[in-house]
2 protein chains.
Amino acid sequence: MDPETDAGRNPTMLDVAREAGVSRALVSIIMRGAPGASERTRAHVKEVAARLGYVPDARAQALRRQGNAAIGVAFQPDQPFHAALIDAIYESARRADHPVILSAVTPGHDEERAVASLVGQRCGAVITLGSRLDRDVLEATARRIPVVVVARTVEAVGVDTVVSDDAGGLGAAVAHLASLGHTRIAFAQSAESGGNPERLSGYLGAMDDLGLAPDVVAGGSRIEGGAEAARTLLAREGLPTAVVCFNDAAAAGMQDVLTRAGVRVPVDVSIVGIDDSETASLSYRQLTSIRQDPVALARAAAARAAQRIASPGLDRFTAVIPTSLVVRTSTGPRVPDAPEAPQP
Amino acid sequence: MDPETDAGRNPTMLDVAREAGVSRALVSIIMRGAPGASERTRAHVKEVAARLGYVPDARAQALRRQGNAAIGVAFQPDQPFHAALIDAIYESARRADHPVILSAVTPGHDEERAVASLVGQRCGAVITLGSRLDRDVLEATARRIPVVVVARTVEAVGVDTVVSDDAGGLGAAVAHLASLGHTRIAFAQSAESGGNPERLSGYLGAMDDLGLAPDVVAGGSRIEGGAEAARTLLAREGLPTAVVCFNDAAAAGMQDVLTRAGVRVPVDVSIVGIDDSETASLSYRQLTSIRQDPVALARAAAARAAQRIASPGLDRFTAVIPTSLVVRTSTGPRVPDAPEAPQP
DNA sequence: TTGTAGGCGTTATCAC
DNA sequence: GTGATAACGCCTACAA
């Protein structure tokens, strides 16, 4: 178009300044909305910038800028729950005027690499969603850069954590089932390494409080967990009348396998999931679920990250976000003498 | 630790150079593995860098570096299929020595913003996964920066596309069902804006080729699509003997609603999904599914992005990645006189 | 209200 | 094999 400027190159501040007949500094002031320019020149320069298709170079900005370091986020793209967290982190960070840099954790791009890339970008803090890093790796990272772990409880020096109140959630779920008359309440546990210690102990504690005998049944792989637990239950003498599953996917698998076996939900067995995901709210599922609050989790994490950026050297910090029980139709009153379901 | 260097600051190349007793330039050469340093100094400098915890500043690198522009990726974190794509993009990009910059598309961070942030980072090319941008927005973006759209067919000037062979996949699915004796083969269509034109037309074409009457049933929202289509079918006089659904989630909903209504899969109705996701392979589902090849899709997209970075001004390009039919037990031979399922 | 000088941390191009 | 020096594009002071 303009023979003066070589076509291929991205326009720079200098191009805008020249074209508008002002100095570079003034363009800078105007582009980032700082005070120190008249309305008239402001409008003019912005018009020129738009006409030239000028977009500030984020890399140069980040390099020079002092405050407003970026918040790095390591997440798992195969975890739908992380989507809601990311969305909320974007919003919180933008409000505090911190750029967000994402790094995915996948089979070929492990969490150490993801975090390393965030460090390389000179993020002011790193939020890792559902981190699976070892404690010592987390601690080593935290010595370099503030680290906030979301949705996993870890005791690591200098590492902040933001978690849901799993114990409270499990307590509410068990209490809900007990109030419906259930006494044989099982817990389907994940078979993953470590499982969910907080969820399990929350269940055990709640059962103990009510004087009920716990019944923990181990599930299988992440994706098959609920189905396998269901098969384990079906192979037994008698079924429990209620089952709490380690997440919604597992609850769905439990529901599906039981249903296909002719067991009626909730007449024969009540089911509770965790997460209150889209799966739980499906019209034909209607799973009662322990809801995590992704917005509150993300806000707490982003706020903490911003705090750490502003003032390093704070004490270790843990936020526990309340959960709530979303009651749907997968739980119902215990039916003492429910007739056996017909075997198709 | 070292009183000479102020503790809080990240070590820079200069720190490493001073500590190792060499020049900045030499450190640069060594850190990026360029020729021009003896093995001895190389080892020494690397040791010093490691000891100081030196990590190159990716922002400064990107700013100064000429080639190896980054590949920007706009993705949807709530789409599990994108996880596999991202993983493969990371690998391809690393092989070609291009950094990857991610930007999520979420309710609060729309695709335009995501792409704009990628442009601001001066990516050399942008890959958008399942883009929903209007044609003219895509074209405007493509005038600034090479754009590769993955998993959505668009006819936009200057925009490259990489898509799965939906028509071929649907053809294979319909042929598979026809070979099992099915003639009443329905297609459950997404109710989303636009739906999946290629999948629908692939179905229609395949039915036409076989001289069969098409039967398109509209689904509901993204998440409820399959379930609603199933209810529509159940409300009719007679069921088709086979249904192809617009994706696996829909197929799962179809299967669940039909199963709960006492319709046996595959005895009464065969079901085919699309994507071959984890859902499809669940032990109790075993959905026959049209498999998309995420690795091939991602590789093609990354390769094209790298090509565009190396030499802009290429012609528009479209890659069609083959699909394959994964046959499981949700499809079976047509049973002409199957007895009605018992109504529980 | 505007312009000038200096620097962020790196890479690239030179001479030595 | 090594060491100055000039960019990259922008921001932050400070001077006019």
>> If you take any heavy atom closer than 4.0 Å to DNA chain D, which residues from residues 38-59 of chain B end up in contact?
In response: B:Ser38, B:Thr41
> Of all residues at least two apart in sequence or in a different chain, which pass the side chain to side chain contact (heavy atoms under 4.5 Å, CB included) check with B:Ala83?
Replying inline: A:Pro77, A:Asp78
>> Students often get this wrong, so: under 4.0 angstrom with heavy atoms, is B:Thr12 touching a base, only sugar-phosphate, or nothing?
In response: sugar-phosphate
> In terms of side-chain geometry, is the basic nitrogen of B:Glu91 or B:Arg95 positioned less than 4.0 Å from the acidic oxygen of its partner?
Replying inline: yes
> Excluding sequence neighbours, so at least two apart, what forms salt bridge (Lys or Arg N to Asp or Glu O under 4.0 Å) with A:Arg64?
Replying inline: none
>> Do A:Arg144 and B:Asn10 have side chains that approach each other closer than 4.5 Å (heavy atoms only, starting at C-beta)?
In response: yes
>> With each end axis built from five pairs of C1' atoms, what bend angle do you get for the helix from C:dT1-D:dA16 to C:dC16-D:dG1? Round to 10°.
In response: 40°
>> Just to be sure I understand the rule, does B:Leu26 reach a base, reach only the sugar-phosphate, or reach nothing, if contact means heavy atoms closer than 4.0 Å?
In response: sugar-phosphate
> Partners of A:Val320 by side chain to side chain contact (heavy atoms under 4.5 Å, CB included), sequence neighbours excluded?
Replying inline: A:Val163, A:Asp165, A:Thr318
> For A:Arg299, what residues pass the salt bridge (Lys or Arg N to Asp or Glu O under 4.0 Å) criterion, not counting sequence neighbours?
Replying inline: none
> Which pairs pass side chain to side chain donor-acceptor pair (under 3.5 Å) with one or both residues in residues 128-137 of chain B, sequence neighbours excluded?
Replying inline: B:Glu111-B:Ser131
Solution key, residues 43-56 of chain B side-chain donor-acceptor pairs under 3.5 Å, sequence neighbours excluded:
{"residue": "B:Glu47", "atom": "OE2", "partner": "B:Arg51", "partner atom": "NE", "Å": "3.4"}
{"residue": "B:Arg51", "atom": "NH1", "partner": "B:Glu19", "partner atom": "OE2", "Å": "3.2"}

>> I want to confirm an ordering. Mapping B:Gly21 and A:Ser28 to their closest nucleotides on DNA chain D, which one lands closer to the 5' end?
In response: B:Gly21
> Ring centres of B:Tyr90 and A:His109 under 6.0 Å apart?
Replying inline: yes
> Taking only residues two or more places apart in sequence or in another chain, which ones pass salt bridge (Lys or Arg N to Asp or Glu O under 4.0 Å) with A:Arg32?
Replying inline: none
> Any side-chain heavy atom of A:Ile30 within less than 4.5 Å of one from A:Val22?
Replying inline: no
>> Under 4.0 Å from a heavy atom of chain B: give me the 5'-most and 3'-most nucleotides of DNA chain C that qualify.
In response: C:dG9 to C:dA12
> B:Glu198: what forms a salt bridge (Lys or Arg N to Asp or Glu O under 4.0 Å) with it, not counting sequence neighbours?
Replying inline: none
> Of all nucleotides in DNA chain D with an atom under 4.0 Å from a non-hydrogen atom of chain A, which is the first and which the last going 5' to 3'?
Replying inline: D:dG9 to D:dT12
> Does the side chain of B:Asp293 reach to within under 4.5 Å of the side chain of B:Leu297, using non-hydrogen atoms?
Replying inline: no
>> Under 4.0 Å, counting only non-hydrogen atoms across every strand here, what does A:Arg32 touch: a base, just sugar-phosphate, or nothing?
In response: base
